[in-house]
Each structure stands twice: as C-alpha cells, then as structure tokens.
Amino acid sequence: MPLTKIGFAPGIDKQDTEYGAAGRWTDSDFVRFRYGLPEKIGGWVELLADKLIGVVRDMKAWTDLNGVRYTALGTDRKLYIYTEGALYDITPIQSTQAGLTNPFVTTSGSSIITVNDASHGAIQGDFVTFSGATAVAGLDMNKEFEITTIVSTSQYTVTYTGSTANASATGGGTVTATYQLSIGTAVSQYGYGWGTGPWNNSTWNTPRSTSTVTIAGRGWSFDTFGEDLIATVTQGRTYKWDTSVGTGTRAVALTTTPTKSRFNLVSMPERHIFLFGTETLIGDTTTADPLFLRFSSQETTTAWNPTAVNTAGSFRIQDGSEIVSAVRSRNAVLVWTDTSLNALQFVGAPFVFNLTQIGANCGAVSQHCAVDVNGTAFWMSQNSFFRFDGAISKMPCSVQDYVFNDFSITNRPETYAAVNSEFNEVTWFYVSNSSTQIDRYVTYNYLEDCWSTGSLARTTWIDYGVYQKPYASGYSITALGTSPPVLGVTAGSSTIYQQETGFDDVISAIDAFIESGDFDIADGQPFLHIGRGIPDFGTMVGSVDIKMRFKTYPNSTTPVTITRTVTSTTDKFDLRGRGRQANVRIESDQVGDNWRYGTLRLDVQPDGGR
C-alpha cells in the first residue's frame, strides 16, 4: 500500500472522546500553534537573581520622559520597582514611631528579639525597619525585619536570621521604628467566623465553620499618569510614585482621594483617573460601594468631588453585585461587573462621561482577566470565554469543559490574562481545583482561532513593547533570598522571568508534548500493520520521542505503545505496530530540545485479526 499521510487540525479538542476527535489534537503541555502547526513554546530565564517577597499580583512597564524603563510589581506584601537591572522596595509607609527607648529584649543564644512599642499597630507578617539603634547583645538592629509574632498591642517579636544574641539584655538606645503598609493574604480563601453567613443562619454569637463568602487575596492595580505610577491596593488606598524623586523614595498616598477602592485606571487621551468599587463619601471607608466608580478632574490626581469648574464625577452601575475589571479599548473604557459589561465614553461637558450597559450575563471573574487587543476585548467569565469587537459574542471553545470543570471557584480572583502579541495569543493563567495558586493555563490564538492548554504557572505577565521580550512572574511558597535583604522572612517568594528566551526552563528541560485523538488506520480493514514511519519536522534541535499507541477498540484499557526517538537526521523509523486505530504523541524532555512538527507518513499494510 502507498504511504498514508497523517495530519491533524490546529488546536486542542477536549470536548470530544479520543476516538471522536479523529483528525485533531486532544492534549498538550508547553506547546503552541503557529501557521497551523504545533511547536514547543519558547523557554525562559531569570531576569535577576533576587527574589520578591510574596506573590506578584500585578505588573506594569513604562518609560519616563528620559527614556528610563521602569516596571512596577505589587505582591501581597510589598510594592517594588525594577529598573535597568536593579530592584527597589517602594512599599508605602504606614506609620513611624520615633523615640522608642531601649525597645529590644534579647535572650542569650536565641535569634528571637522582643520589641516593645506601645503604638505599633502591626499584624503578624508586617515589615518594620529600625534606625538609630545601638547594638544590643552583639546584634545590629538597624535593619528591616518581618514581624514574627504579635505578643500584644504593645509588643511583638522579630527573628534575626543567621545570628543569635550573645547575652540576655534590654537595650538599643533611642530607636525609630518605621512600619510599612500592612500585608494582605497571598491567596483568596473562604471567610469563616462571625458575620460570614446569611441573616438568621445558626445561632447568635456562634462562629461559622463553613462559608460561601470569599475573601479575595491582596492585589494591586497599576497605571501611569504621565511618567508617574498610580498604584491602588485592593480594598485600600491609592498611591503615587514619582519617577523624578528617584528609586530611593517610596510611594506616597494621594491626598483628598478616596481611601478605599478596588482598582484604578487612567483614561486616554483625556487623562482622568478612575477608581472602581470606591467610596460614595470620600474619606469614609464605610461608604465603599462595590458598584460605585469615581473619576478625578482632568489632568489632576487630587480633585474628586464634582464642582461647576472641574470635570470630576461618578456613576453607580446597576447590573451586578461588584465591579470586577476594566480596560481601555477603542473609544471607550470597558467596565465589567460579575454579571455585565458596560462602556464609559468621553462626551465632554457638562456630563464628561456617558455610562452604557452593552451586555448582560457576561461578567468577568477577576480584576486581571480581561485584555484588549487592537480594539477587541477578550475575557474569561464564570463558565465561558467572551469577546467584544463592537458586539459581544461567546467564543466557541474546544477546551471549555476541561477548563471550567477544574476551575477553582474560591481562587477565581487570581486569574490573570496575558497577551503575547508576537504569537497572536491571549493566555489565561488560572487556579485548578487541586491547587491554591495558579498552576494551569489556557491559550487562545486569535489569528488562527484555536486553543491549547498546559501547566505553565505565571501570576502576572507583560507583553513585549517596553522590553524586547515578555516579562512574567512565578511564585514559590519557599522563602528565598530577597532584595533588598530582609531578616526573618517566612513568606513565599516570586521570581521574575524573561519569556520566549532559549528553549529551557532556566537551566532545566521543559517537558513538552502534544497528543492526537485516535484515528482509524484505514477504512474497511479490521486490522492493519504499520511497518515504518517517515517523520517531518520544520524545526528540530536535539531529539523528539514519537510515541504511537495502538488499540483494538476505542475503550481498550491495554493499548500497545511503541516509542521511537528521532533527530534532525532521522529519515525513517521502524514500528511493527498493529490495531484498528492508533494515536500519535510527540514528546521532548531534554535540555536544548526544540521542534516544530509538520506531519507523519506511515507505511500501512493489511493484517489479520490474530
């Protein structure tokens, strides 16, 4: 018989059975589609050796008027600036206590130091920096610490990593303690205890042991106002970091600005700052309304109350229970609640902006789940993917059940949408049911209209533009070396990666694969024998394993798998496989491997039933 060409349509199909998905790919990891063909994704390298404390929840890159590049990175514990190869801590200061007298108490041979401060106002895990202290028990306390435990409202402990006190003593002289913005939670979680259940549920003064109330993890939102950074901490204040004051200065709270908001966005080109889910009465956190939004007067960061001579204003969205996300798009700011899509359009005086609802039953799942690509918005909803290009449409998705059947409802707020415009991709990084941190991704190629899935865990992502390659962050629960150095750190840490660089996971191999659905070897024959295969790869560096699995029936539990390793010089390989149907799996797991699959031709011959 002549050689039979085995071809597959681009994209992953998980909606069908393995046999029903004949002619299509059914599973993959670390593989993308380009020009209709699957290929291993690009590798990544660490951007810098230092780690960030906590899990990064937003990232923003921009360039100042002098051409200096900056990247803001907000974690559940810190706010950082990365610029031209160096990392700086610009976390806002919450309070400063000066004139503490001999606040340190040490125990000989212990690294735990007790600190006395009658007005510290801190919580466990907060960060404090001491200055002006004299050495106590051989320890220099003029350093930054993570607070280990809270003993009382006037006392806490810190841990002196790597050293112990040489005596039991009280001292330090006259000390200033500077406390940073209190930390948030690393992940979203159910809220338990008093007040988390519905009215009249259970009995008075009894904590609830179960809950459907989700407490969102600490997040940030970033935008730029000119060359300066505007940063809003989730359910907190809005801060400004001025590039002209330098990296040695921390972000400071904006004055006369709402003190509790969900996130911010700056409209372009009008330059109004929007705060979403904010206060109806500025400065009163008890009036924060999850459906209320405000915008400042044009070209200012401080005028928020509307007057006859400014352009400040506000709206309350009606459809939904909370504002979830917003992005700039073509001629409008798109605003999502948990159930609807709305558009804010600049109309000028006297109304300034017009708010219009343009869709229902199409809400967003997280603050960072929506992106705009050349005027088309893509977003992830509670059980579907949507696009808006002038009209809202639900996107056909060949992996929809796979994604949403294993999508953590509790951790939906962590979902992060990324654009990789070099490869025409929108990727959603999300948390599966088996994890509490992002561990999966689903990618849509908007040019070729196909989907792929995998296990790359990235908590944030920025497309190339300011930098030549995309940057992304990955999180580890392990506390690693941080910059600037902090003593007693117990929090997990984040690494910043430069993506699409090389072929490997820093210095380790990427285990990439793609697997096809079952295909009939030939119609009209009960059994066939495949004697050899002729591979076709457009790109091949290193080696690739081609695995063919042969079945007698679609539901066979004992298929026969034959593996052959091929390189760029492999002309053909022998198989000697037989069955009614088969599938193909392409794998690579060695450092330096890279490939782009073309097709496969098989030498098929009729065979008997036994």
Side-chain angles (χ1 to χ4, degrees), residues 52 54-62 71-76 79-80 184-188 214 216-224 229-236 238 261-266 274-277 290 322-329 333-338 341 362-373 377-382 385-388 403 407-421 425-431 437-444 456-463 465 470-475 494 496-497 499:
L52 284 68
V55 53
V56 180
R57 290 302 182 201
D58 197 16
M59 189 187 309
K60 171 75 175 180
W62 79 101
T71 302
L73 304 114
T75 78
D76 59 300
L79 178 60
Y80 293 95
T185 55
V187 297
S188 298
T214 300
R218 162 68 59 84
W220 289 87
S221 64
F222 300 137
D223 212 337
T224 51
L229 174 71
I230 304 296
T232 300
V233 63
T234 304
Q235 301 288 18
T238 298
S261 307
R262 289 176 177 263
F263 60 93
N264 75 66
L265 181 145
V266 179
F274 281 87
L275 292 178
F276 299 92
E322 61 180 356
I323 298 174
V324 178
S325 184
V327 298
R328 287 186 294 269
S329 189
V333 172
L334 300 179
V335 183
W336 286 265
T337 70
D338 52 336
L341 173 60
C362 59
V365 295
S366 74
Q367 177 185 326
H368 299 294
C369 76
V371 294
D372 181 84
V373 181
F378 300 90
W379 72 95
M380 190 179 194
S381 190
Q382 284 80 1
F385 295 96
F386 287 87
R387 69 155 57 92
F388 175 70
V403 172
F407 182 35
S408 172
I409 296 176
T410 307
N411 298 103
R412 287 185 307 184
E414 276 82 76
T415 304
Y416 201 96
V419 176
N420 191 348
S421 53
E425 295 171 343
V426 176
T427 296
W428 288 270
F429 298 100
Y430 65 96
V431 182
Q437 287 286 350
I438 288 174
D439 61 338
R440 300 274 181 85
Y441 73 86
V442 54
T443 295
Y444 176 64
L456 179 63
R458 294 292 182 261
T459 62
T460 61
W461 180 288
I462 50 175
D463 197 11
Y471 284 3
S473 60
Y475 177 68
S494 291
I496 307 304
Y497 297 102
Q499 300 289 143

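Predicted, not measured: the structure shown is a model, and the values here were computed from it.
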What verdict does the side-chain contact (heavy atoms from CB on, under 4.5 Å) test give for Thr232 and Phe276, after you've listed the backbone C-alpha separation in whole Å, the side-chain angles of each residue and the deciding distance to 0.1 Å? CA-CA 10 Å; Thr232 300; Phe276 299 92; over 6 Å; no
Step by step, work out the side-chain contact (heavy atoms from CB on, under 4.5 Å) result for Val327 and Val371. CA-CA 7 Å; Val327 298; Val371 294; 5.8 Å; no
With side-chain contact (heavy atoms from CB on, under 4.5 Å) as the criterion, how do Arg57 and Thr459 come out once you've worked through the C-alpha distance, each side chain's angles and the decisive distance to 0.1 Å? CA-CA 6 Å; Arg57 290 302 182 201; Thr459 62; 4.2 Å; yes
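Taking the six-membered ring for Trp and the full ring otherwise, Phe222 and Trp62 have centroids separated by 6.0 Å or more.
Side-chain contact between Arg218 and Val233 is present, with at least one heavy-atom pair separated by less than 4.5 Å. Within the 4.5 Å cutoff, side-chain heavy atoms of Ile323 are placed close to those of Phe263. Side chains of Arg412 and Met380 form no contact here, defined as non-hydrogen atoms less than 4.5 Å apart.
Of all the heavy atoms in Val365 and Gln382, the pair that sits closest is CG1-N, 3.5 Å. Scanning both residues, Ala61 and Ile462, for their nearest heavy atoms gives CB-CD1, 3.6 Å.
None of Phe385, Tyr441, Trp379 except one satisfies the ring-ring contact (aromatic ring centres under 6.0 Å, His included) rule with Trp428; the exception is Phe385.
By the salt bridge (charged side-chain N to carboxylate O under 4.0 Å, His left out) test, Asp463 is found to be paired with no residue, residues two or more places apart in sequence or in another chain being considered. Partners of Asp58 under the side-chain hydrogen bond (donor to acceptor under 3.5 Å, both in side chains) rule, at least two apart in sequence or in another chain, are Tyr416. Contacts of Val324 classified as side-chain contact (heavy atoms from CB on, under 4.5 Å), with partners at least two apart in sequence or in another chain: Glu322, Asp338, Ala364. Scanning for side-chain hydrogen bond (donor to acceptor under 3.5 Å, both in side chains) contacts around Glu425 gives Arg32, with sequence neighbours left out. Not counting sequence neighbours, the partners of Gln499 by the side-chain contact (heavy atoms from CB on, under 4.5 Å) test are Trp44, Leu456, Arg458, Trp461, Pro470, Ala472, Tyr497. Residues that satisfy the side-chain hydrogen bond (donor to acceptor under 3.5 Å, both in side chains) test with Ser366, not counting sequence neighbours, are absent from this structure.
Between the Ser381 side chain and the Gly363 main chain, a donor and an acceptor come within less than 3.5 Å of each other. In this structure, the side chain of Ser325 engages the main chain of Gln367 through a donor-acceptor pair within 3.5 Å. A donor-acceptor pair under 3.5 Å is formed between the side chain of Asp223 and the backbone N or O of Val266. Checked by atom type and distance alone, the side chain of Thr427 never pairs as donor or acceptor with a backbone atom of Ala418 at under 3.5 Å. For the pair Asn264 (side chain) and Ser221 (backbone), a donor-acceptor distance under 3.5 Å is present. With hydrogens and angles ignored, the 3.5 Å screen pairs a side-chain donor or acceptor of Asp76 with a backbone N or O of Val55. A donor-acceptor distance shorter than 3.5 angstrom exists from the side chain of Ser473 to the backbone of Thr460, with no hydrogens or angles considered.
Cys369 contributes atom SG, which lies 12.5 Å from atom CD of Glu414 (distance to the nearest 0.5 angstrom). Here the CH2-CZ distance, from Trp336 to Phe388, works out to 9.0 Å after rounding to the nearest 0.5 Å. Put simply, CH2 on Trp220 and OG1 on Thr75 are 8.5 Å apart, with the number rounded to the nearest 0.5 Å. Taken to the nearest 0.5 Å, the CG atom of Leu73 stands 5.5 Å off from the CG atom of Leu52. Atoms OG1 and CD1, from Thr415 and Ile438 in turn, are 6.5 Å apart once rounded to the nearest 0.5 Å. Considering CG of Asp372 and CG of Leu334, their distance stands at 7.0 Å, rounded to 0.5 Å.
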